[in-house]
Amino acid sequence: MSDNDGKKTLGVRGGPRAGNVKQSFSHGRTKNVVVETKRKRVVKPVTGANAAAGSAGKSKPLGDPSKRPAGISDAEMERRMKALQAAKARETEDAAERAAAEKEREAERQRRREEAEAKEREQREAEERAKAKADDEERLKRETEEAAKKAAVAAAQPDDEAPVRAAPTKTAPVPRKQEKERDQAPPRRNKGRGGDDGRRAGKLTLNQALSGGEGGRQKSMAAMKRKQERARQKAMGGNVEREKIVRDVQLPETIVVSELANRMAERVGDVVKAMMNNGMMVTQNESIDADTAELIIEEFGHRVVRVSDADVEDVIDQIDDLPEDLIPRPPVITIMGHVDHGKTSLLDAIRNAKVVAGEAGGITQHIGAYQVTTDNGQLLTFLDTPGHAAFTSMRARGAQVTDIVVLVVAADDAVMPQTIEAINHAKAAKVPMIVAINKVDLPAADPDKVRSDLLRHEVIVEAMSGEVQDVEVSAATGQGLDELLEAIALQAEILELKANPNRSAQGAVIEAQLDVGRGPVATVLVQKGTLRQGDIFVVGEQFGKVRALINDRGERVSEAGPSVPVEVLGLNGTPEAGDVLNVVDTEAQAREIADYRESAAKEKRAAAGAGTSLEQLLAQAKENESIAEMPIVVKTDVQGSAEAIVQAMEKIGNDEVRVRVLHSGVGAITESDIGLAEASGAPVFGFNVRANAPARNSANQKGVEIRYYSVIYDLVDDVKAAASGLLGAEIRENFIGYAKIKEVFKVTGVGKVAGCLVTEGVARRSAGVRLLRDDVVIHEGTLKTLKRFKDEVAEVQSGQECGMAFENYDDIRPGDVIEIFEREEFTRTLE
Ligand code: GDP
């Protein structure tokens, strides 16, 4: 009998048996195939059944009442029936065996097919797992065979047992027994099909035991044991080995623990626990390196797929905006030109002329950029950071934010070096230029001289039949401003500037600073998409979630579209001008990208430091003993200061000594700055920023010098002095104490007095003091008074309270920190 027959029979098995059962028992149970199956078992022990089966197998008359020989007693009838059924059982067993053989072959084929598939899909699939799978399948097959056997039984019946259907009530005892057994049967069959997936109940164990002699059942038994073992382990709180999906876990150089858990589809708690078991105490928000993560991934039984570091950046949407998604956006304009030609004045004039009344007199927010509307209703975005450094440093970072350059040339002057520089920058960036000939109100103004001057530098203005628009303006009188704006609007029209506002935002940092009270703040010019409150982003080496957006008028806004400059709050650190901001989906991604960038930048710096500072210095020393290099690290409160300082530093130096800025950045001095400085034997210069506590400790330990300034010239002078005395000089500054302001009093005649607690060291009347608010230097100076109770004292020790007032300064607040330091140590070396 074929497999197929068996199946078909399964569907109709109730038919022939129905009568049989219905006659004696409840009609609801008429299609009971199991009856027969059970009977097989029941019959098994009956010896001699085979003999009976041999002849009785087809002796329908026996069961057929119509052909039943008269005079046969009920007992005899029953015996015969039994014999008949035994024969049937035997026969169906044979059929089942054939079906089983076929099933076996099919199972084998199936298994091979699946194995091949598994191999293909999961090349390095743990062999164990593959085996387990195969076992499972085999078991499944066997269990299917079981079912098939039963099916075969059913299949065998219709042909041969039709007479039985008509059996008289006398056959009742047999069905009753069958009925009884049948009640047990379904669970067993369920178990068979269910495999070892944990669906079996305790009661099944009995069935398991009953059928323990069969191969397939033994496997199920093993599975049962495994399940019990798992349950036991679970109860004991041990690691539960779950049957689970092996995942390919993308692993970058570093990964945040929660993200690792996410990629493995494991619980974060489990991962943290696993880390702990491996002796690593980490929280879910910490990053771990790839090697550590690999151990964990393997421990969880997943596969590691190492991805290149830079791949972490792939989550940043690289959307190619479709032309139909693009809508016009305002142009972004940068004003460039030689110093004193009136860039700042022009920016202010435009702004003041175009901002709505009410704001003009009120608070003007300098966020690094602003927007104005021309009389024709055209919106223009001006970058409020004149100077070429900003322009080039942004370009150097890959942020081309400017669409149009307005080149300011003073009409009473001529084309000057920085004018030429500006022309070159604009040309290099392929940004169209508009010439604003400024200061035309002055008697000495000679706009035509400017035009012809420009001609010599290949800038042919319209008045000279060229293509570059030129406008005569006066920032002082406001003359020509509208024409200038119209010229810009016209140029913008030609450029057909467009962007897709309906996508995740991308923008460029125009300015960034560590703001007292607000933390790190960045002015971002949105370039694509729309930046919204709540967006998660990565910007340079920093990341964050937009806590608030503030526009150029100081108003809070909920979103900013293309070409709109906004102040972004909610950063974890201060990015740098020119850094690109990208909105990403999750904080983990943002953190991962920022971490990656930070470590990449660190490596780069370290490599640069090691490569030049040490080796090069040595090589130079060998070649030319008179050349020395002074490496420094500079941290400032705003990007502009950093650039100015770096530029000034580059100019310091002569044949004997040179200053090299290893790193410059915005924000408090951190441990990583100290690390860098230590590696290169560099001092760290803080311009209006302070070292945070860990950095201070680290600096003390490593002997790294930190110096603070609030005037660029002082810093430059000091570096000059130090550089010229480099070979012999040792510069040192002593922090002698810290005090925390607890209260501020107003004292008549004295001004504001800070009620302080000296938290460290000593407060000395003669020492220098700095006022710190969130690690940013607010003021540096001397003390006007140092009081202990009512008395003026020379010193106050740590742990004591005192009153302090600054000379010429009284913006002091509770919570501020006063740093007390002695100057004399290094003033000695300044000459
Ligand atoms: P920047 O260095 O290019 O930013 O130039 P500023 O905007 O600081 O201007 C330099 C000097 O020129 C300032 O003293 C301004 O008052 C003056 N200035 C700027 N524009 C005009 C103008 O249109 N007319 C006159 N008379 N003076 C101007």
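Everything numeric here is computed off the predicted structure, so don't read it as measured data. FYI, the numbering just counts along the sequence from 1. Ligands are counted one by one from 1 in listed order, and the atoms in each one are counted from 1 as well.
- Heavy atoms from both the backbone and the side chain of Thr344 come within less than 4.0 Å of ligand 1.
- Of all the atoms in ligand 1, the ones that sit under 4.0 Å from a non-hydrogen atom of Asp441 are 22 (C), 23 (O), 24 (N), 25 (C), 26 (N).
- Inclusion of Ala476 in the set of residues having an N or O under 3.5 Å from an N or O of ligand 1 is warranted.
- Within the structure, ligand 1 has His338 among the residues with a heavy atom less than 4.0 angstrom away.
- Two residues are said to be in side-chain contact when any heavy atoms from C-beta on lie closer than 4.5 Å; Ile333 and Leu383 fail this criterion.
- The residue from Lys439, Gln479, Lys343 that puts a heavy atom closest to atom 18 (N) of ligand 1 is Lys439.
- Listed by number with element, the atoms of ligand 1 under 4.0 Å from a non-hydrogen atom of Ser474 are 22 (C), 23 (O), 24 (N).
- Remark: Lys545 NZ is loosely packed, at most 12 non-hydrogen atoms of other residues, nucleotides or ligands lying under 6.0 Å away.
- Numbered from 1 in the order shown, with element, the atoms of ligand 1 that lie under 4.0 Å from a heavy atom of Val339 read 2 (O).
- Taking the six-membered ring for Trp and the full ring otherwise, the centers of Phe687 and Tyr709 sit at least 6.0 Å from each other.
- Every N/O-N/O distance between Val440 and ligand 1 stays at or above 3.5 Å.
- Applying the side-chain contact (heavy atoms from CB on, under 4.5 Å) rule to Glu493 yields no partners; only residues at least two apart in sequence or on another chain are considered.
- Thr530 and Glu559 share no donor-acceptor pair across their side chains, judged by distance under 3.5 Å alone.
- Residue Leu442 approaches ligand 1 through these ligand atoms, each under 4.0 Å from one of its heavy atoms: 26 (N).
- Defined by atom type and a distance below 3.5 Å, a donor-acceptor pair is present between the side-chain atoms of Thr334 and Thr402.
- Annotation for ligand 1: atoms under 4.0 Å from non-hydrogen atoms of Ala475 are 20 (N), 22 (C), 23 (O).
- Counting only N and O atoms by type, the side chains of Asp413 and His338 include no donor and acceptor under 3.5 Å apart.
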